[in-house]
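The structure under discussion appears below in the form of structure tokens.
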Amino acid sequence: MKALWKKGAAIVGSAGALALLLAGCGAQSSTNSTTPGTTSTSAKPNEGGQINLDFIQNIRDLDPALAYDTQSGEVVDQLYDQLVTWAPGGSSKVVPMVAKSWDVSKDGLTYTFHLRNDVKFWNGDPVTAQSFITEFYRVLSPNMGSGGAGFFTDIVGAADYNAGKSKTISGLSASDKYTLVIHLVKPEPFLLDALTMNFISAVDPKYIESVGNHQLYAKNPAFDSTKAMGSGPFELNTINPNQIILTKNPNYWRTDSYGQKLPYLDKVTINISTNDVTDTEHFEQGQTAWIGWNFGGDGIPSDEYPTFMANPKYKAMTSTKVMNSVWYVGMNMKVGPTANPLVRQAIMYGINKKAIIQLMNGRGQVANQPLPPGVPGYVKNLPADATYTYNPTKAKQLLKQAGYSTSHPLTIDYYDQNSPDSVKIDTAIQAQLAKIGIKLNLHLTSWATFLDKAESGQADMFWLGWIQDFPDASDFLNTLFNFPAEGAVNDSTNYNNPQVNAWLNDAEYSTNQAQRIQDYEKATIQIMKDAPWDPMYYDVFTSAVQPWVHGFYIPDVQEDPIEWVWLDKSHIQG
């Protein structure tokens, strides 16, 4: 999760569906207050001031072509602009960003983006069509290893370029300095959605060449991940292992409905601390502005959640939202003992998911498949041979069939990030599996180190989550299970079923929604039979926001909306 978090967004169900889910899982019903800030949206935002935030994990990378996790996205989103973005306020509607408008040909194969001519990088260089073409080349470079490459291989020539068979992408062109043309091999219904992601951010080719020490595109297209040159609302002031400081881009171009320029804040100081108790105390003492995606996971840490809900003052600061996300145990299908399907099935029968959810204060719904219930394609009634309920006796039988017993125990290396909530879950899974004869060796590391291990396909077993990047089943199923079309980076279990690949490929490009749903349902059932994942729970996120903070909302897509946040005048004046 948006590996916890891979980044992404969520479709939130209707109010009725939200209430139903929350009632079922025992979480707080809807919001405890209106979404923080929304009560003051009729007021003109105040400009100025600064906030402090605590990050419970350090970011992994500042390069927009590589930042595919929620922790990195929290910062990268503030530094770079894309062609299009999501409407503010928690919407999943795509709206213009650098592209002020766009045309789509009748056959759906050609997109022409008309760019603003007043957007500049922090160094004064103009953002042009080439700024995006450069980024397409970087993301699709065979040497980059970008998790975003798979979203764009349907551009004419992109697949060959990505495979190292060509040096150019003929489907990308600039008819003039501010007009970008994209030609596709096939219509891609969710191209605009994919373009909201930070992969295709505007980058400055001259700057990249100056810091990258490489031949652009061909050798090492990544630049120094501790540096940045974007055109976004905030500039990077400081970055070190303990702190990141963002300062207002005084020349930023986006405006609000009042004509005021974004962002409103002058400065954002992000302190890195893995001690969630201390971080929560900072919020309670009024030192930090909010607990949101900067804390990752479920928002308010599980150990502190009861305290918040028991105190009317803190409870009034919280908001709860059902997310289109899923937490899961990944099991490697090529490496280690989990390559044996009997072992994977034993694990799936051996973990008590309800007990895991209770560790998170009941904030979740038991998961039985990769797609959350709010995403079209979710299978309401899985067949018996694709369903796994908690059954330790059956788990032991499967292990015996796999050749393991008390005299021949099974040991598995298990990987995760070293955060308090993750450790709590990991040790619970370890204890549960020990009861059926499986010993887990826990390898708990930094967020970045853990992701490197999982994404390289070397982890035998791991704990991870996924939150939707855009509202379509393809973002879960094609991105995570279609190998190799979507790239090995996201297929951390090395899953590869040719029949599933075929269904997913058909669904990705079909314009028949009913047929797409059928293909996704067939793929989901087969994936569950193959058992590369043990889906644990669908997430319910809880944030907490200071009353002097306005404009904050739990987003459907992307991370915390820092550029929209403004403060009470009294807080600005200190």
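Side chains are part of it too, since the values below use all heavy atoms of this structure and drop only hydrogens, waters and symmetry mates.
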Non-hydrogen atoms of [X] and [Y] that approach each other most closely:
{"X": "Leu440", "Y": "Tyr414", "answer": "CD1-CD1, 3.8 Å"}
{"X": "Tyr404", "Y": "Pro337", "answer": "OH-CB, 4.3 Å"}
{"X": "Gly73", "Y": "Asn198", "answer": "CA-ND2, 4.2 Å"}
{"X": "Gly147", "Y": "Tyr68", "answer": "O-CE2, 3.8 Å"}
{"X": "Arg60", "Y": "Ala448", "answer": "CG-CB, 3.9 Å"}
{"X": "Tyr520", "Y": "Ala507", "answer": "CZ-CB, 3.5 Å"}

If you round to the nearest 0.5 Å, how far is [atom2] of [Y] from [atom1] of [X]?
{"X": "Phe295", "Y": "Asp279", "atom1": "CZ", "atom2": "CG", "value": "4.5 Å"}
{"X": "Leu444", "Y": "Thr449", "atom1": "CG", "atom2": "OG1", "value": "12.0 Å"}
{"X": "Asp54", "Y": "Asp276", "atom1": "CG", "atom2": "CG", "value": "10.5 Å"}
{"X": "Asn143", "Y": "Asn162", "atom1": "CG", "atom2": "CG", "value": "10.0 Å"}
{"X": "Trp447", "Y": "Asp452", "atom1": "CH2", "atom2": "CG", "value": "11.0 Å"}
{"X": "Met360", "Y": "Asp421", "atom1": "CE", "atom2": "CG", "value": "4.0 Å"}

[X] side-chain N/O to [Y] backbone N/O, donor-acceptor pair under 3.5 Å:
{"X": "Lys353", "Y": "Tyr390", "answer": "no"}
{"X": "Gln432", "Y": "Asn352", "answer": "yes"}
{"X": "Asn494", "Y": "Met333", "answer": "no"}
{"X": "Gln71", "Y": "Gln57", "answer": "yes"}
{"X": "Arg344", "Y": "Ala339", "answer": "yes"}
{"X": "Thr542", "Y": "Gly299", "answer": "no"}
{"X": "Asn478", "Y": "Asn482", "answer": "no"}
{"X": "Thr288", "Y": "Phe283", "answer": "yes"}
{"X": "Tyr388", "Y": "Gly350", "answer": "no"}
{"X": "Asp475", "Y": "Asp469", "answer": "yes"}

Would a 4.5 Å heavy-atom cut-off, applied to side chains only, mark [X] and [Y] as touching?
{"X": "Asn361", "Y": "Met309", "answer": "no"}
{"X": "Ile270", "Y": "Asn294", "answer": "no"}
{"X": "Gln345", "Y": "Lys394", "answer": "no"}
{"X": "Glu521", "Y": "Gln369", "answer": "no"}
{"X": "Val423", "Y": "Asn418", "answer": "yes"}
{"X": "Lys435", "Y": "Pro392", "answer": "no"}
{"X": "Phe476", "Y": "Val326", "answer": "yes"}
{"X": "Glu508", "Y": "Lys186", "answer": "no"}

* Knowing that exactly one of Ile272, Val75, Asp69 qualifies, which makes a side chain to side chain contact (heavy atoms under 4.5 Å, CB included) with Ile59? ->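 Of all the options given, the one that passes is Val75.
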For [X] and [Y], which I'm curious about, is there any donor-acceptor pair between the side chains at under 3.5 Å?
{"X": "Thr445", "Y": "Lys453", "result": "no"}
{"X": "Ser474", "Y": "Asp472", "result": "yes"}
{"X": "Thr70", "Y": "Trp293", "result": "no"}
{"X": "Asp298", "Y": "Tyr305", "result": "no"}
{"X": "Gln499", "Y": "Gln526", "result": "no"}

* To do: Answer with yes or no after comparing the ring centroid distance for Trp290 and Tyr553 against a 6.0 Å cut-off, counting only values under it.
  =>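 Trp290 vs Tyr553: aromatic centres not under 6.0 Å.
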* To do: Indicate, with yes or no, if the rings of Phe190 and Phe151 have centres closer together than 6.0 Å.
  =>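 Aromatic pair excluded; centres sit 6.0 Å or further apart.
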* Counterpart residues, side-chain hydrogen bond (donor to acceptor under 3.5 Å, both in side chains), relative to Asn271 (two or more places apart) ->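 By the side-chain hydrogen bond (donor to acceptor under 3.5 Å, both in side chains) rule, Asn271 matches Gln243.
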* Sequence-distant partners of His443, side chain to side chain contact (heavy atoms under 4.5 Å, CB included), two or more places apart ->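 Per chain and number, His443 pairs via side chain to side chain contact (heavy atoms under 4.5 Å, CB included) with Asp413, Tyr415, Asn441.
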* Asked: Between Trp533 and Phe481, what is the ring plane arrangement, given parallel below 30°, perpendicular above 60°, and tilted in between?
  ->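 Ring orientation of Trp533 relative to Phe481: tilted.
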* To do: Decide side-chain contact (heavy atoms from CB on, under 4.5 Å) for Thr393 and Tyr349; before the verdict, give the C-alpha distance in whole Å, the side-chain angles of both, and the deciding distance to 0.1 Å.
  => CA-CA 9 Å; Thr393 301; Tyr349 284 113; over 6 Å; no
* Asked: Of Asn496, Asn497, Thr493, which is the lone residue that meets side-chain hydrogen bond (donor to acceptor under 3.5 Å, both in side chains) with Asp530?
  ->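 One option only clears the test, and that one is Asn497.
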* Worked check of side-chain contact (heavy atoms from CB on, under 4.5 Å) between Asn311 and Glu284 -> CA-CA 11 Å; Asn311 186 320; Glu284 294 171 348; over 6 Å; no
* Asked: How far apart are the C-alpha atoms of Gln82 and Thr196, what are their side-chain angles, what is the distance that settles it, and do they pass the side-chain contact (heavy atoms from CB on, under 4.5 Å) test?
  -> CA-CA 6 Å; Gln82 293 79 46; Thr196 65; over 6 Å; no
* salt bridge (Lys or Arg N to Asp or Glu O under 4.0 Å) assessment of Asp519 paired with Arg516 -> CA-CA 5 Å; Asp519 286 335; Arg516 292 188 79 213; over 6 Å; no
* Stepwise side-chain contact (heavy atoms from CB on, under 4.5 Å) test for Phe308 and Ile291 -> CA-CA 12 Å; Phe308 269 74; Ile291 295 174; 3.9 Å; yes
* Asked: Pairs in or reaching into residues 367-392: which pass salt bridge (Lys or Arg N to Asp or Glu O under 4.0 Å), with residues at least two apart or in two chains?
  ->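 Only Asp385-Lys529 qualify under salt bridge (Lys or Arg N to Asp or Glu O under 4.0 Å).
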